[in-house]
Amino acid sequence: LNTTAALATAVFFIILGHGMQAKGVGGFGKDLLTSPFHGHGIAAVVLAPINLFLTVIEFLSKPISLAMRLFGNMYAGELIFILIALLGSTATVFGFLGHVIAGSIWAIFHILIISIQAFIFMMLTLVYVGQAHESH
């Protein structure tokens, strides 16, 4: 979980950096206080704390969801490897052959899954960076 959380934290700081670079520090701060609800005059002042709260939740949910998604998929794959390895612990020839065949098939499938997960992680990162460049 530490590795996936570190990757997601790096994405979080990249998002913040791109948001500040695209909008400027003042524009980024204004965006924190004026989205998702817009108001004019006193309504803008009343809505600012609510907007800030919702924006902070939005910013914090991105790295948490990235880290948990990546960790969950990697962890599930490793658990299945352990279950397949237990097949080889039976003292029969069928248990050993089942272990070798199932382990080989799962290893190939798991390599494909890991590649897809890395692709999804990077696509979500690109989406988040693209959102950081947009104004509300």
Side-chain angles (χ1 to χ4, degrees):
L1 187 57
N2 290 340
T3 303
T4 58
L7 289 170
T9 303
V11 169
F12 175 72
F13 287 116
I14 289 170
I15 293 168
L16 289 179
H18 276 276
M20 288 182 201
Q21 179 186 16
K23 300 170 190 168
V25 177
F28 184 77
K30 181 183 175 203
D31 206 28
L32 289 176
L33 298 174
T34 60
S35 67
F37 303 117
H38 300 285
H40 300 289
I42 192 73
V45 175
V46 172
L47 290 174
I50 298 167
N51 287 335
L52 181 63
F53 177 71
L54 291 174
T55 307
V56 167
I57 290 175
E58 176 189 354
F59 274 117
L60 292 179
S61 66
K62 289 176 183 179
I64 291 171
S65 67
L66 278 175
M68 297 306 271
R69 179 184 298 115
L70 187 59
F71 175 75
N73 286 312
M74 289 172 47
Y75 186 68
E78 296 304 316
L79 279 179
I80 293 176
F81 268 127
I82 291 170
L83 292 173
I84 291 171
L86 291 175
L87 270 175
S89 66
T90 59
T92 64
V93 174
F94 294 114
F96 175 74
L97 288 175
H99 164 70
V100 170
I101 293 169
S104 300
I105 291 170
W106 182 253
I108 293 167
F109 182 69
H110 190 60
I111 289 169
L112 294 172
I113 294 296
I114 289 172
S115 301
I116 291 170
Q117 288 305 314
F119 177 75
I120 290 171
F121 188 92
M122 290 313 301
M123 285 295 108
L124 285 172
T125 300
L126 291 174
V127 167
Y128 294 156
V129 169
Q131 286 176 346
H133 283 265
E134 294 176 357
S135 61
H136 293 278

Qualifying residue for side chain to side chain contact (heavy atoms under 4.5 Å, CB included) with Val11, from Thr125, Leu124, Leu16: Thr125
Heavy-atom donor-acceptor pair, Thr9 side chain to Pro63 backbone, under 3.5 Å: no
Please tell me whether Leu7 and Ile116 are part of a single hydrophobic cluster in this structure, the criterion being side-chain heavy atoms less than 4.5 Å apart. yes
Without placing hydrogens or testing angles, list every side-chain donor-acceptor pair under 3.5 Å for residues 100-108, not counting sequence neighbours.
unit_1: Ser104; atom_1: OG; unit_2: Val100; atom_2: O; d: 2.8
unit_1: Trp106; atom_1: NE1; unit_2: Gly77; atom_2: O; d: 3.3

Evaluate the side-chain proximity of Lys62 to Leu66: yes if any heavy-atom separation is below 4.5 Å, no if none is. no
Is it possible for you to say whether Ile120 and Leu1 belong to one hydrophobic cluster, with membership spreading through side-chain heavy-atom contacts below 4.5 Å? no
Atom CD of Gln21 and atom CD1 of Ile14: how far apart are they, to the nearest 0.5 Å? 12.0 Å
Report yes or no: do Leu79 and Ile111 belong to one cluster of Ile/Leu/Val/Met/Phe/Trp/Tyr joined by side chain heavy-atom distances under 4.5 Å? no
Hey, are the side chains of Ile113 and Met74 touching, using non-hydrogen atoms and a 4.5 Å cut-off? no
Could you work out, with ring-ring contact (aromatic ring centres under 6.0 Å, His included) as the rule, every residue matching Tyr75, not counting sequence neighbours? Phe71
When hydrophobic residues are tied together by side-chain contacts of less than 4.5 Å, even through go-betweens, does Ile50 share a cluster with Phe53? yes
Spacing of CG belonging to Leu33 relative to OG1 belonging to Thr55, to within rounding of 0.5 Å: 8.0 Å
Please say yes or no: joined through hydrophobic side-chain contacts below 4.5 Å, possibly via intermediate residues, are Phe109 and Ile80 part of one cluster? yes
Plane angle bin for Phe28 and Phe59 - parallel if under 30°, tilted between 30 and 60°, otherwise perpendicular: tilted
Looking at Ala132 and Lys23, what are the two nearest heavy atoms and their distance? O-CE, 3.1 Å
First locate atom OG of Ser35, then atom CD of Glu134, and finally report the distance between them rounded to the nearest 0.5 Å. 11.5 Å
Looking at side-chain heavy atoms only, is the closest gap between Leu32 and Leu52 below 4.5 Å? yes
Are the side chain of Asn73 and the backbone of Arg69 linked by a donor-acceptor contact shorter than 3.5 Å? yes
Please report the closest heavy-atom contact between Thr4 and Ala67, naming both atoms and the distance. OG1-O, 3.4 Å
What residues, two or more places apart in sequence or in another chain, satisfy side-chain hydrogen bond (donor to acceptor under 3.5 Å, both in side chains) together with Glu78? His110
